[in-house]
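Report on the following structure.
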Amino acid sequence: MFPKDENGKIRYSDTDFTDTWKAMELLVDEGLCKAIGLSNFNRKQVDRVSAIARVPVSVLQVECNPYLTQEDLVSYCESKNIVMTAYSPLGSPARPWIKEEDPFPLKDPIVGTIAKAHNKTPAQVLIHFQLQRGLIVLAKSVTPARIKENFEVLDFELSSEEMKAISGLNRNYRGCLLEWLSDHEHHPFFKNGERTDDCK
Ligand SMILES: NC(=O)c1ccc[n+]([C@@H]2O[C@H](COP(=O)([O-])OP(=O)(O)OC[C@H]3O[C@@H](n4cnc5c(N)ncnc54)[C@H](OP(=O)(O)O)[C@@H]3O)[C@@H](O)[C@H]2O)c1
């Protein structure tokens with residue numbers, strides 16, 4: 001996944017992402033895909049692509065769950081007619097670098113209480129929360145029963161108080177920070193090795 005050079009440094013591509021976008025536009029021209037989008041880009045990077053885009057940016061896929069609600073980015077995407085896809089909507093509990101002390105939305109007591117009130121599971125509440133905000137949700141499971149469970153999320157509504165309570169859990173926590181790539185010149189949340197976003 002992350003090839004290294006002889007000094008153990010990750011071999012980054014030196015292709016600028018605007019050139020990658022132009023290549024992706026050719027795929028639309030050829031009818032190989034209908035729409036193209038971005039992932040893990042910050043707002044400035046999306047703006048940079050939008051400024052040169054012949055085919056508009058359709059979607060931005062980013063980490064998003066109640067501990068990282070991405071309110072500003074959601075509003076920004078709405079203003080630009082970009083659909084946001086929420087990845088790791090359950091908090092990515094099996095990511096290889098997770099630590100014991102990391103926050104865990106599936107076990108959040110507020111999510112648990114709301115789930116109980118609707119006779120749903122915490123996972124179903126976490127998925128429905130994003131759908132009710134108008135986001136696309138990308139939950140992953142290799143377990144057939146959970147895959148089925150994760151689809152059964154359209155037969156209930158969260159009240160505005162419940163939506164507010166879940167949004168209130170935000171703590172700008174990124175589980176998918178990838179700080180080991182912080183020396184990359186286009187890392188969305190680092191510049192010269194220093195954090196540039198206000199997330200923890
Ligand atoms: N664009 C990007 O950079 C990026 C980054 C990260 C992830 N993603 C994508 O986003 C998708 C989801 O992200 P993710 O896998 O990090 O996190 P996630 O969907 O938040 O969590 C997946 C984990 O939750 C468990 N799970 C699934 N449904 C459950 C349920 N109903 N109850 C309890 N546990 C449940 C899964 O276990 P089992 O599988 O064992 O059932 C798995 O361990 C993936 O398809 C991934 O490719 C994209």
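Indexing begins at 1, ligand by ligand and atom by atom, following the structure's order.
- In this structure, atom 46 (C) of ligand 1 has its sub-4.0 angstrom surroundings free of protein heavy atoms.
- Scanning all heavy atoms of the two residues, the minimum distance from Ile166 to Pro66 falls at CG2-CG, 3.6 Å.
- For ligand 1 and Ala139, the ligand atoms under 4.0 Å from any heavy atom of the residue are 19 (O).
- Side-chain contact of Tyr76 with Asp47: a donor-acceptor pair under 3.5 Å is present, judged by distance alone.
- The backbone and the side chain of Ser92 each have at least one atom closer than 4.0 Å to an atom of ligand 1 (non-hydrogen atoms only).
- Heavy atoms of Asn65 found under 4.0 angstrom from ligand 1: none, in either backbone or side chain.
- No hydrogens or angles considered: a donor-acceptor pair under 3.5 Å links the side chains of His118 and Glu162.
- Within the 4.0 Å heavy-atom criterion, the part of Asn150 lying near ligand 1 is the side chain and not the backbone.
- Taking every heavy atom of Ala123 and a limit of under 4.0 angstrom, the matching atoms of ligand 1 come to 30 (C), 31 (N), 32 (N).
- Shown in contact with Leu106 at under 4.0 Å from a heavy atom are these atoms of ligand 1, numbered in order with element: 33 (C), 34 (N).
- In this structure a side-chain-to-backbone donor-acceptor pair under 3.5 Å is missing from Ser88 to Gly91.
- Listed by number with element, the atoms of ligand 1 under 4.0 Å from a non-hydrogen atom of Thr143 are 38 (P), 40 (O), 41 (O).
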### Task
Could you give me the CA-CA distance, side-chain angles and deciding distance for Val153 and Val125, then say whether side chain to side chain contact (heavy atoms under 4.5 Å, CB included) is met?
CA-CA 8 Å; Val153 291; Val125 167; over 6 Å; no
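- Each of the atoms 43 (O) of ligand 1 lies under 4.0 Å from some heavy atom of Ala94.
- Considering backbone and side-chain N/O atoms, Val142 comes within less than 3.5 Å of an N/O atom of ligand 1.
- At a threshold of 4.5 Å between side-chain heavy atoms, the hydrophobic network of Ile, Leu, Val, Met, Phe, Trp and Tyr places Ile127 and Met84 in two separate groups.
- A donor-acceptor distance shorter than 3.5 angstrom exists from the side chain of Glu63 to the backbone of Gly175, with no hydrogens or angles considered.
- With hydrogens and angles left out, the side-chain atoms of Gln130 and Arg133 include a donor and acceptor closer than 3.5 Å.
- Looking at His187, its side chain never comes within 3.5 Å of a backbone N or O of Asn192 through a donor-acceptor pair.
- Ligand-side atoms of ligand 1 in range of Pro93: 21 (O), 23 (C), 24 (O), range being under 4.0 angstrom from any heavy atom.
- Using a 4.0 Å cut-off between heavy atoms, Ser39 contacts ligand 1 through its side chain alone, with no backbone atom that close.
- Looking at Asn40 against ligand 1, only its side chain comes within 4.0 Å, counting heavy atoms.
- Side-chain contact, Asn172 with Tyr67: no donor N or O sits under 3.5 Å from an acceptor N or O.
- Distances from ligand 1 to the non-hydrogen atoms of Arg95 include no value under 4.0 Å.
- What sits closest to atom 48 (C) of ligand 1 on the protein, heavy atoms only, is Gln61 OE1, 3.3 Å.
- Here the heavy atom of the protein found nearest to atom 37 (O) of ligand 1 is Arg146 NH1, 3.0 Å.
- Residue contact check: Pro89 has heavy atoms under 4.0 Å from atoms 19 (O), 20 (O) of ligand 1.
- When heavy-atom distances to ligand 1 are checked against a 4.0 Å cut-off, Pro122 has no atom that comes that close, whether in backbone or side chain.
- Although no hydrogens or angles enter the test, the distance criterion places no donor-acceptor pair under 3.5 Å between the side chain of Asn7 and the main chain of Lys9.
- Salt-bridge check for Asp197 with Arg174: passed, with a basic side-chain N closer than 4.0 Å to an acidic carboxylate O.
- Side chains of His128 and Gln132: a donor on one and an acceptor on the other come within 3.5 Å.
- The nearest heavy-atom contact from the protein to atom 10 (O) of ligand 1 is Tyr87 CB, 3.3 Å.
- The closest approach between any non-hydrogen atom of Leu138 and ligand 1 is below 4.0 Å.
- Remark: among candidates Val153, Leu90, Leu38, the nearest residue to atom 20 (O) of ligand 1 is Leu90, based on non-hydrogen atoms.
- The nearest pair of heavy atoms linking Phe41 to Val49 is CE2-CG2, 3.9 Å.
- Within 4.0 Å of atom 15 (O) of ligand 1, at least one protein heavy atom is present.
- The protein heavy-atom contact nearest to atom 13 (O) of ligand 1 is Ser88 N, 3.3 Å.
- A side-chain donor-acceptor contact under 3.5 Å links Asn40 and Tyr87.
- Here is the list of ligand 1 atoms found below 4.0 Å of a heavy atom in Gly91: 20 (O).
- Contact annotation for Lys140 and ligand 1: heavy atoms of both the backbone and the side chain come within less than 4.0 Å of the ligand.
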